[in-house]
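Have a look at the structure below before the remarks.
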Amino acid sequence: MLQLKVIREEKKRIVAGLRKRNWTTAQIRVVDQIIKADDARRSTQKELDDMLAESNRLAKQIGALMGQGKKDEAEALKAQVAQLKTGSKELEDRMENLRNQLDEMLYTIPNCPHKSVPKGKTPEDNKVAKDWTKPFPNLPDDALPHWELAKKYNVFDLELGVKLTGAGFPVYRGKGARLQRALIQFFLDEAVKAGYEEILPPHLVNEDSARATGQLPDKEGQMYHCTVDNLYLIPTAEVPVTNIVRDEILSLKDLPIKMTAYTPCFRREAGSYGAHVRGLNRVHQFDKVEIVRVEHPNESYKALQGMVRHVEGIMRKLELPYRILLLCGGDMGFVSAKTYDFEVWSAAQKRWLEVSSVSCFETYQSNRLKLRFRDENGKTELAHTLNGSAMALARIVAALLENNQTPEGIKIPKVLWKYTGFKTLN
RNA sequence: GGAUAGGUGGGUGAGUGGCUGAAACCACCGGUUUGCUAAACCGACGCACGGGUAACCCUGUGCCCCGGGUUCGAAUCCCGGCCUAUCCGCCA
């Protein structure tokens with residue numbers, strides 16, 4: 001969530017940001033309500049603090065008087081303290097109320113888009129930051145979509161997944177399974193080469209972790225929940241990896257922190273059935289290598305560019321047609337300040353598939369995480385967090401299958417040969 | 001799953017209900033000394049939210065796992081919860 005301090009001090013910028021996210025004037029009114037509630041909170045706190053200070057002072061006096069054996073005087077003071085106590089109880093209740101109201105309102109405010117984020121309402125308004133200029137793979141008329149190719153070459157089996165688990169849980173087999181493993185290893189190696197520390201985190205997290213990265217309470221229904229133990233299956237490695245630095249105060253020399261992790265990702269995707277979800281386009285379990293960075297506020301946007309270049313490098317090595325989108329205010333995620341999406345051209349489906357999303361969250365995430373660092377003056381300050389997929393496996397596989405299909409089988413990009421052990425999937 | 005022990009500042013670890021936001025030691029940071037490193041010595045050394053017009057600074061409140069309670073006063077006593085460790089059982 002946004003910091004209260006920022007909303008108060010930079011109200012104009014925040015309001016402008018909300019407009020970029022297409023908030024109406026009526027919706028934006030909540031900003032003033034927040035400031036008003038905070039004013040009330042502050043004055044109530046002052047009142048409460050003063051009362052408690054007085055009560056503390058009297059308690060000390062009573063102790064002293066008792067020591068001197070002046071029992072009567074002490075008794076008189078006790079009555080006073082009792083009175084203060086009832087008053088402070090009431091104020092405490094009011095404080096808690098105000099605090100809750102404030103938090104509730106704060107949770108409704110999305111991150112403020114960076115000034116370079118374009119205006120817009122729908123995905124059509126996203127700015128193409130880099131377009132694919134070379135011709136798309138030239139496929140024959142009888143080219144198959146990846147779900148057909150999967151059957152033909154026994155890459156993965158969705159029906160079998162239904163038997164074992166349910167819809168949206170693919171079973172990869174043979175060379176398909178090997179390809180999956182090859183991609184994971186390739187992505188991890190690339191990240192490690194780029195200076196990211198490899199992490200293999202738990203795939204289940206507790207409520208605190210889910211809350212700190214904002215999956216709770218906002219996206220409760222998106223996660224699989226093991227109620228017996230109150231643990232959640234991670235929807236992305238971002239959750240456990242980012243929580244590594246939860247409640248930390250880092251020193252300058254700890255920055256930047258660069259971590260990468262492969263994990264399976266579990267998403268309920270409730271209510272998203274229908275068109276465009278065939279095959280691997282949208283599944284409940286998929287593999288992903290994530291990159292996460294913690295940065296000094298002055299460095300975060302440079303870091304964002306670095307991450308974009310990293311993902312782009314992977315795309316190139318995989319020889320896949322891709323484009324990079326700079327998301328507009330209306331299409332950007334709630335917690336992001338600036339997001340680039342990577343899309344890969346799926347030749348047989350003739351559409352772009354999102355395979356990576358790289359975002360800078362500024363302090364929006366670190367505020368909930370309580371992730372701070374000690375700055376040049378020794379003051380604690382919220383750090384900036386960023387993350388991105390590098391990459392999401394399932395859709396990359398879909399694109400690889402479709403774009404590289406030949407009569408002899410699926411051509412494997414050169415860079416993967418040493419991982420797959422074969423050059424053609426057939 | 002059963003039994004026991006325990007949760008204090010970055011770490012180790014003390015703490016008779018008031019003089020304890022918390023001893024001591026270590027680490028970190030600043031300084032002095034030093035040819036370098038090391039050592040020694042000195043000093044500072046928690047977080048959050050308020051107030052004093054902003055900064056340096058001064059000051060109030062809260063926080064010794066979390067939430068309640070007892071008390072004029074709780075890290076300290078009582079109740080509930082959570083977590084961790086060890087042993088037993090089960091087990092890849």
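Residue numbers start from 1 in every chain, and the chains themselves are labelled A, B, ... in the order their sequence lines are given, proteins ahead of strands. Quantities reported herein were computed from a predicted structural model and do not represent experimental measurements.
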Between A:K85 and B:U70, does any side-chain N or O lie under 4.0 Å from OP1 or OP2?
no
Using 4.0 Å as the upper bound for N to carboxylate O, is an ion pair formed by A:D38 and A:R8?
yes
Taking atom P in both B:C63 and B:U76, compute the distance separating them and give it to the nearest angstrom.
10 Å
Could you tell me whether A:R316 and A:E312 make a salt bridge, using a distance below 4.0 angstrom between a side-chain N and a carboxylate O?
yes
Counter-base of B:G73, judged by Watson-Crick or G-U geometry with both distances under 3.5 Å
none
Partner lookup for B:A27, please. Criteria are Watson-Crick or G-U wobble with both distances under 3.5 angstrom; report none if nothing qualifies.
none
Take A:F266 and A:H284 through the ring pair (Phe, Tyr, Trp, His ring centres under 6.0 Å) test and state the conclusion after the steps.
CA-CA 5 Å; A:F266 303 92; A:H284 291 305; over 10 Å; no
Does B:G50 have its OP1 or OP2 closer than 4.0 Å to a side-chain nitrogen or oxygen of A:R41?
yes
So what's B:U37 paired with, Watson-Crick or G-U wobble, going by both distances under 3.5 Å?
none
Which base sits across from B:C91 as a Watson-Crick or G-U pair, both distances under 3.5 Å?
none
Are any of A:R374's side-chain N or O atoms less than 4.0 Å away from OP1 or OP2 of B:C47?
yes
B:A75 and B:G17, which share atom name C1', separated by this distance in whole Å:
11 Å
Salt bridge A:K151-A:E148, side-chain N to carboxylate O under 4.0 Å
no
B:C56 pairs with which nucleotide, Watson-Crick or G-U wobble, both distances below 3.5 Å?
none
Determine which nucleotide pairs with B:U86, using a 3.5 Å limit on both distances of a Watson-Crick or G-U wobble pair.
B:A3
Look at A:R372 and B:A48 and indicate whether a side-chain polar atom (N or O) is within less than 4.0 Å of OP1 or OP2.
yes
Mind checking if A:T380 touches a base, just sugar-phosphate, or nothing, with heavy atoms under 4.0 Å?
sugar-phosphate
Reckon A:L58 touches a base, only the sugar-phosphate, or nothing at all at heavy-atom distances under 4.0 Å?
nothing
Any-strand Watson-Crick or G-U partner of B:U16, both distances under 3.5 Å
none
Under 4.0 Å between a side-chain N or O of A:N56 and OP1 or OP2 of B:G60?
no
Just by distance, do the side chain of A:R173 and the backbone of A:N154 share a donor-acceptor pair under 3.5 Å?
no
What contact category does A:K379 fall into here, base, sugar-phosphate, or nothing, at under 4.0 angstrom with non-hydrogen atoms?
sugar-phosphate
What is the separation between atom CG on A:D39 and atom C1' on B:G51, rounded to the nearest whole Å?
14 Å
Between CZ of A:F373 and P of B:G46 the distance, given in whole Å, is 19 Å
note: A:L52, atom CG; B:U61, atom C1'; distance rounded to Å ~ 7 Å
In the structure shown, which nucleotide is the Watson-Crick or G-U wobble counterpart of B:C47, with both distances under 3.5 Å?
B:G62
With a 6.0 Å cut-off on the ring centroids, do A:H384 and A:F361 count as close?
no
Using a 4.0 Å heavy-atom cut-off across all strands, classify A:I249 as base, sugar-phosphate, or nothing.
sugar-phosphate
Roughly how many Å apart are B:C45 and B:G21, using the P atom of each and rounding to a whole number?
16 Å
